[in-house]
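Single-structure report; data block below.
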Number of protein chains: 2
Amino acid sequence: MMDWIDITLLTALQRNARTSLANLARALNMSGPSVSERLKRLEEQRVIEAYVPVLNIKSLGYTLEAIVRMQPLPGQLKALEKQIIDTPNITECDKVTGEDCFIARLVLRDITELDEILDGFSTIAMTATSIVKSSPVKRRTPPLQSAGRSTT
Amino acid sequence: MMDWIDITLLTALQRNARTSLANLARALNMSGPSVSERLKRLEEQRVIEAYVPVLNIKSLGYTLEAIVRMQPLPGQLKALEKQIIDTPNITECDKVTGEDCFIARLVLRDITELDEILDGFSTIAMTATSIVKSSPVKRRTPPLQSAGRSTT
DNA sequence: AATGAAAAATGTAGCCA
DNA sequence: TGGCTACATTTTTCATT
């Protein structure tokens, strides 16, 4: 499925996903068209799902982040899931095993916005909120190894 | 600081951060050089911190995700933070208020890998693990509004 | 996977509101 | 300050080997 050239390619893209094919080709010691082919294949296979800019949320006016664990009140599971999806301040949410059920990340303009949003959930869920003080590990990619063909 | 043109530009990049300047220019009804200028400004101001490919973690051989809450044992706060940073399977981790202290996201090849990694933390932290069953909200950007100049 | 030519995109410079 | 056009350079794409 994926060999070391693909892994090198993905690694280079992680440094800067807007790098030109020509640049990538130089980094890999390959021709432009070859790199283009491989990239297209990785996109079509959905190994690469998208290319996104990483935005600084402070610049967007969000001064605060929080992690909220949510447990639906009886019969409110679907309603809770819908409201989570419909809350644009929630930038990430997982449904998990155990008591908590949902773990969501929120971005907030200020502390009053946190209060407003949690109020909106109070009729359908129990919540436990943690304010983010720092992020020792920012979103990063784990070691790239193929699920398929060996890389040796 | 940021006007509606910048917001439109950031929105277009979120659809595909590898889009050419020429394409972005067409989408914004502007000239190439103007868009190039704005993009450079957003990068220099660090509104855009980076451009990254979104990779499918299943394709990379990770079959499982978990959220782990960690509380350092007495005197182990720094050691715990270091080990978190040094664990490549942790793709995201926040230091938060309250009992939990750290909330980490892990990607795993299989359930035995979870066991191994948690064992490695057992001497420095109490852990509470939740396995991810689904992700109702995948990483997304909250509403883009400027922290500075109005957008009206 | 590479080559080479055609088409497209980019960066630069000078100019305008 | 922003944005524009014009043009030289680089990159991308496509057909072919």
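All chains are named by letter (A, B, ...) in the order of the sequence lines, taking the proteins before the strands, and each is independently numbered beginning at 1.
What separates CD of A:Glu37 from P of D:dT11 is a distance of 20 Å, to the nearest Å. Put simply, NZ on A:Lys40 is 15 Å from C1' on C:dA1, counting in whole angstrom units. The distance from atom CG of B:Leu42 to atom C1' of D:dG2 is 14 Å, rounded to the nearest whole Å. Atoms CG (B:Leu24) and C1' (C:dA9) sit 12 Å apart, rounded to a whole Å. Atom CG in B:Asp3 sits about 12 Å away from atom C1' in D:dT1, given to the nearest Å. Rounding to whole angstrom units, CG of residue B:Leu39 and P of D:dG3 are separated by 13 Å. In this structure, A:Leu21 atom CG and D:dC14 atom P are separated by 12 Å, rounded to whole Å. The CE atom of B:Met30 sits 17 Å away from the P atom of C:dA17 (whole-angstrom rounding).
Applying the side chain to side chain contact (heavy atoms under 4.5 Å, CB included) test to A:Glu99 and every residue at least two apart in sequence or in another chain returns A:Gln71.
Comparing B:Thr19 and A:Asn29 along DNA chain C, the residue whose closest nucleotide (by nearest heavy atom) sits nearer the 5' end is A:Asn29. Annotation: of the two residues near DNA chain C, A:Pro33 and A:Arg18, the 5′-most nearest-nucleotide partner is A:Pro33.
The phosphate of C:dG11 (OP1 or OP2) has a side-chain N or O of B:Ser36 nearer than 4.0 angstrom. Checking the phosphate oxygens (OP1, OP2) of D:dG3, a side-chain nitrogen or oxygen of B:Arg38 falls inside 4.0 Å. Neither OP1 nor OP2 of C:dA1 sits under 4.0 Å from any side-chain N or O of A:Ser34.
A cation-pi arrangement is absent between B:Arg69 and B:Phe102, since the terminal nitrogen or guanidinium carbon is not both under 6.0 Å from the aromatic centre and inside a 45° cone about the axis.
Within the 3.5 Å criterion, the main-chain N or O of B:Trp4 finds a donor-acceptor partner in the side chain of B:Thr8.
Between the side chains of B:Ser59 and A:Gln45, no donor-acceptor pair is found at a separation under 3.5 Å.
At the heavy-atom level, A:Ser31 lies under 4.0 Å from base atoms of the strands shown.
Rounded to the nearest 0.5 Å, atoms CD1 (B:Ile131) and CG (B:Leu64) are 5.0 Å apart.
In the set C:dA1, D:dT11, D:dC14, D:dT11 carries the atom at the smallest distance from any side-chain atom of A:Arg26.
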